[in-house]
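The next block holds one structure in the form of structure tokens; read it before the comments.
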Amino acid sequence: MIRANVKKTYRLDRHHVVTAVKRADMVVREQTFTVITGPSGSGKSTLLAVLGLLEEPTEGKVLLNGNEVQTEKERARVRLHTFGFVHQYPRLHPTLSALDNVLLPLALMKNVTTEEVERGRALLEEVGLKERIDHLPFQMSGGEQRRVGLARGLMLDPAVLFADEPTASLDPENSLLIFSHLHKWFLRGKTVVVATHDPIGVRFATDVYDMREGILTKKSIRKSDPDDDECKDCASAY
Amino acid sequence: MLMAGTALTAFILFSSVYFLNSIEKSVQTTEGRVGADLIVTHSKEDVNEPYGRHVLPGDELLPFVEGLEGVEVVAPELYLSTVSTICCGTEGDFPIVAFDPSRDFTLSSFMVKSDPLEDGEVVIGTKAGGDRFLFHVEDEVIQEKVKLFYKLFAVKNVLFPTGTKVDETIYMTLGSAHEMIKNKVLDVHIQEDAISAIFVKAEADRVTEIGRAITRRFPETNVHYGSGVKKEVASYVRPLRNVVYALIGLVVVTNMLQSITLYSAMLTERKKEIGMYRVMGIPTGKSVQLILYEVIVVTGAGSVIGICASLGLLYDHQTLLYAWSELPLVLPKKTDLFFQGGITMAVTMLISLFGSGLCLRSLYKQKPYRMVREGES
Ligand SMILES: Nc1ncnc2c1ncn2[C@@H]1O[C@H](COP(=O)(O)OP(=O)(O)OP(=O)(O)O)[C@@H](O)[C@H]1O
Ligand SMILES: [Mg+2]
């Protein structure tokens, strides 16, 4: 469980301070699908970075199961073992195949076993890239690369998966695909936190938050339902 | 791009090192040759080409000179005859000179191989057919034989070009010569103890004293002082050497700068990818390892390409190099080349590692979130 009550400002120079997150008070319970919506520049990415222990809040605290994670080293360890990250841009290694990209984080830490290679394959198959396993990033479309990034994020088996705009600049079909993968992860008992302005995302959510000019408000707690075509919470999302 | 850059560096670096080494060696050998502090010949002979019939009495002269204070080495040479023959595919008139391998300090520095010459074997100059074997003596010369005075000699070794009469000469051991004199197989009559010239290495401040002592005792001799020539050669070569050193320095510095720019370009391109690994919580050391590993692979390949290109070019144009430098260039041996290649590679890779290390350091000073975020909108 992640509990946060934070404010985050960025100092540009001596006289200018940008407040990215004015006030955010939220709880991410275990095994939930949290969606944070809001217009561009409202502070969603910043909040996600603070929740994901990438950025330290200017004020307030982020508590992980009731504890504050003090040092950067510990935060890195939590990010490695407990958190997973999926970004708008997957940032793949340019000269490694899809499979190798998925395995790379693991390979950097230890010797990869054959079971792990198989798991990497399975993950890529699961995101619909069975045919692309040996392809290099430049041989894949943006949506395919994004799914490789997703598989890479899942490879380390994170308990909490953070996804920042995972569907930005994707067509509705691909967006739905990404969200259903995230949803699958949630159904497996993991926690998913997504920042998006894609209205489709709200259908999958259990917890919906909205961000406006740095202020986070809780919209609803609902039942995750991907087939909810007339999702009333979705309308207000961006 | 990176690979090409490294290849170029390695190319220039290797060429310079190669060249420098050649020059260095040439200086050494030239100094060795004219390194004789005294050259003693018959006064009716040309010091540089004592290939006439006037000889000195070796029996008396050698022990006398050896006995003089300050004398370090005395190397005798005996001109036998000039023969018209075909040696190693080259036809011509070749002076045949005998020398004492155990005492020699002038010729040996020019020899391509270092093993000592035995009786019954000869060393040939480049213009006596040696040029054909210059760069693959190891495997071919041994099988070559030359007939001199009705006797077969094995061509054992080749002399690097010197630009002097030495190049046309065929050298055998004094032992072989004495045996032939004894058996009267030569076409001329030579006394058994005859000597055409002696090369003397001596303490610098005693040279003139020694020379005077020799001429006083043997009025028929002519003493030539070599140290002047030595200095001259050195003064001629030193500036050239300095130029090459400066060139190497320049190459290293420019390359350092170039590689830093290259790496910062490459790493900026991959900054977000690296940032991603950091976001994922992978320890800094591990991702640095990944990048450095890649740098090593790329620059390793690059420098090998560069070295090979340089080697190919230099190897093919050795004669051009000779012509251009007008120096008795002594080219490095295989093992030296290997060594130089290794050094060049090490230097190139060190430069690359330094360059990339510098860029990585500045990159890792940033926070991971900043790294993935920058430039995103
Ligand atoms: N490192 C930074 N330095 C200065 N200002 C920053 C920094 N990071 C974020 N900001 C500012 O904070 C505000 C919120 O940015 P953030 O990226 O969190 O918004 P967002 O909701 O994710 O927007 P989008 O939907 O476009 O991704 C923006 O005004 C941005 O300019
Ligand atoms: Mg954002």
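Numbered from 1 within each chain, the chains take letters A, B, ... in sequence-line order.
Residues that satisfy the salt bridge (Lys or Arg N to Asp or Glu O under 4.0 Å) test with A:D25, not counting sequence neighbours, are absent from this structure. Residues satisfying the side-chain contact (heavy atoms from CB on, under 4.5 Å) test with A:K184, not counting sequence neighbours, are A:E126, A:H181, A:R188. Shown here are the side-chain contact (heavy atoms from CB on, under 4.5 Å) partners of A:Q70, two or more places apart in sequence or in another chain: A:E68.
Here the side chain of A:R75 pairs no donor or acceptor atom with the backbone of A:E55 at under 3.5 angstrom. Remark: side-chain polar atoms of A:R147 are not paired, donor with acceptor, to backbone N or O of A:I178 under 3.5 angstrom. Distance alone, capped at 3.5 Å, is enough to place a donor-acceptor pair between the A:D171 side chain and the A:N174 backbone.
Under the 4.5 Å side-chain criterion, counting only non-hydrogen atoms from C-beta, A:Y10 is in contact with A:T46. Looking only at side-chain heavy atoms (C-beta outward), A:Y209 and A:L47 stay at 4.5 Å or farther from each other.
Contacts with chain B (heavy atom to heavy atom, under 4.5 Å) involve these residues of residues 103-112 of chain A, listed by number: A:L104, A:P105, A:L108, A:M109.
The contact between B:M276 and chain A is made entirely by side chain atoms (from C-beta outward), counting heavy-atom distances below 4.5 Å. Contacts between A:F83 and chain B at a heavy-atom distance below 4.5 Å are absent for every atom of the residue. Only the side chain of B:E294 comes within contact range of chain A, judged by heavy atoms closer than 4.5 Å.
Across A:P94, A:P158, A:G153, A:G149, the residue that shares the most heavy-atom pairs under 4.5 angstrom with chain B is A:P94. The candidate with the highest count of non-hydrogen atom pairs below 4.5 Å against chain B, out of A:E72, A:R79, A:H81, A:H93, is A:H93. In terms of heavy-atom pairs under 4.5 angstrom with chain B, the leader among A:G52, A:A168, A:G84, A:A49 is A:A49.
Taking the six-membered ring where tryptophan is involved, the planes of A:F186 and A:H183 are tilted, since the angle between them lies from 30° to 60°.
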